[in-house]
**Q** 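Pasting in a structure now, in structure tokens, and then I'll have a few things to ask.
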2 protein chains.
Amino acid sequence: MNLLSNEELTARLRQVGERRYHDKHPYHVRMHEGKLSQEQVRAWVANRFYYQKNIPVKDAIILSKLPTREERRRWIQRIVDHDGTTGNEGGIEAWIRLGEAVGIPREEMLDERHVLPAVRFAVDAYVNFCRNRPWLEAVASSLTELFAPGLISQRMAVFEQLYPWIQPDGLEYFRARLHQAPRDADHGLELVLRECENRRDQDRCIAALQFKCEVLWSLLDALSLAYPDTEKSR
Amino acid sequence: MNLLSNEELTARLRQVGERRYHDKHPYHVRMHEGKLSQEQVRAWVANRFYYQKNIPVKDAIILSKLPTREERRRWIQRIVDHDGTTGNEGGIEAWIRLGEAVGIPREEMLDERHVLPAVRFAVDAYVNFCRNRPWLEAVASSLTELFAPGLISQRMAVFEQLYPWIQPDGLEYFRARLHQAPRDADHGLELVLRECENRRDQDRCIAALQFKCEVLWSLLDALSLAYPDTEKSR
């Protein structure tokens, strides 16, 4: 198998997103069509929080495995983005406020009472993937960020227009991600393009991104099963 | 076995330092008496660099295991202190400049040509300890910082007065640690005192600190064997 050019590898990675990114999942499609019930939206926010709170954990794992100080200096910003440095800063806090904006008390977000077992398994699988696989595959698994900005800007419009009952100040998380995600995706893609030494490395990076898409997909599968369409939402 | 009070546990931890911290090692004693040859000082700086460069790695591992965002917000500063955020910032760069100040070209620091196998084994054992043991023991192992400030201020005076051939601008690393180490030690001790739930936890934290002292001691053992006293230095 020949080494893919940077253009070919980038195209293959983007193809993974086109085929498998969670925006194609029926639950997500219905969310963006404005068809989810309040309960279904709440369930999505509360379960997705388990993913959100594990982002700085997996990023600290990747940080510990990156080969140079220079790469750590760039990667560490992801942790700061989610944890913040003081007070109410950071993406985790912003997601808690999204929870409040859809009617989930902070306490119920923090105690994980709404988190479905299959969501926990999928997110834990992602953290363990980053822990156990070579760092380059862990980096490649983060490249769902390539597909995020377009979806997030849609989602902000969707939430504002189709779910007017959501408090608009709950959308700050998405606003921040609009500039964070492209920067993170650029760095991740740069590393993957630069560090793959052979076709096997490239194929493993593509597989890592597929795996990550499966993680996000599984979250929505679990939600679909636990929160099926009601008469009203169908 | 009864739970130790905070005062008792703190005293037991300090006792570990009094008995086993590396300032009691003959190689270190000779260093602070001004008796090391230039070659012995260079060997210490070059080998200790392997420890220094692994500090942000073990701190990122601990970061990934800390239980809350609040603790991560504090712990992450250790990584920034060593890696810096841009240009020549950070403790790793400062230690490379210490190398240059004692006559080791930057390239020879970076390629690890002077690093002794036993030094590598000991430092890797430390990183693996932080990776494989519960986070509280990893935190406890960092408490050699309790003993560092006194030693470091001595060392700066020793280097300036007894090793005048060392370029004084190479001592910036130690200057920075004078305020970083007490802050780090305070946080680590606070976590250990707060999170130990029983005497077994406390004993494991004490053992973790002993282990860490053994790591630092082993570095000097390896140096003693590879760089024995010359006629001149004896």
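Just so we're on the same page: letters track the sequence lines, and every chain starts at 1. Note that the coordinates shown come from a computational prediction; the quantities given were computed from them, not determined experimentally.
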**Q** Check this for me: B:Glu70, atom CD, are more than 12 non-hydrogen atoms of other residues, nucleotides or ligands nearer than 6.0 Å?
**A**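 Yes.
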**Q** Count the heavy-atom pairs under 4.5 Å between each of A:Val57, A:Thr85, A:Ile92 and chain B, then report the option with the highest count.
**A** A:Thr85
**Q** Using a 3.5 Å distance criterion without hydrogens, assess whether the side chain of B:Arg73 forms a donor-acceptor pair with backbone atoms of A:Asp83.
**A**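 Yes, B:Arg73 side chain to A:Asp83 backbone: donor-acceptor pair under 3.5 Å.
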**Q** Looking at B:Glu39, I want to see if its CD is surrounded by more than 12 non-hydrogen atoms of other residues, nucleotides or ligands under 6.0 Å.
**A**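 Count not over threshold, so no.
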**Q** Give me the atom names and distance for the closest heavy-atom approach of B:Ser64 to A:Ile61.
**A**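 For B:Ser64 versus A:Ile61, the nearest heavy atoms are CB-CG1, 3.5 Å.
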**Q** Under a 4.5 Å heavy-atom cutoff, which of B:Arg131, B:Arg72, B:His82 has the most pairs with chain A?
**A**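 Going by pairs under 4.5 Å, I would pick B:Arg72.
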**Q** Evaluate the side-chain proximity of A:Arg69 to B:Pro56: yes if any heavy-atom separation is below 4.5 Å, no if none is.
**A** no
**Q** Could you have a look at A:Val80, A:Ile76, A:Ile79, A:Val127 and say which one has the most heavy-atom pairs with chain B under 4.5 angstrom?
**A**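 Of the options given, most contacts go to A:Ile76.
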**Q** Is the number of heavy atoms from other residues, nucleotides or ligands within 6.0 Å of CZ (B:Arg183) greater than 12?
**A** yes
**Q** When only pairs under 4.5 Å are counted, which of B:Ile62, B:Leu63, B:Thr86, B:Leu66 shares the most heavy-atom pairs with chain A?
**A** B:Thr86
**Q** What part of A:Gln77 gets closer than 4.5 Å to chain B, counting heavy atoms only: side chain, backbone, both or neither?
**A** neither
**Q** Assess whether atom CZ of A:Arg200 is packed by more than 12 heavy atoms of other residues, nucleotides or ligands within 6.0 Å.
**A** no
**Q** Take a 6.0 Å sphere around CD of B:Glu112 and say whether it holds more than 12 heavy atoms from other residues, nucleotides or ligands.
**A**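 Enclosed: over 12 neighbouring heavy atoms sit under 6.0 Å from CD of B:Glu112.
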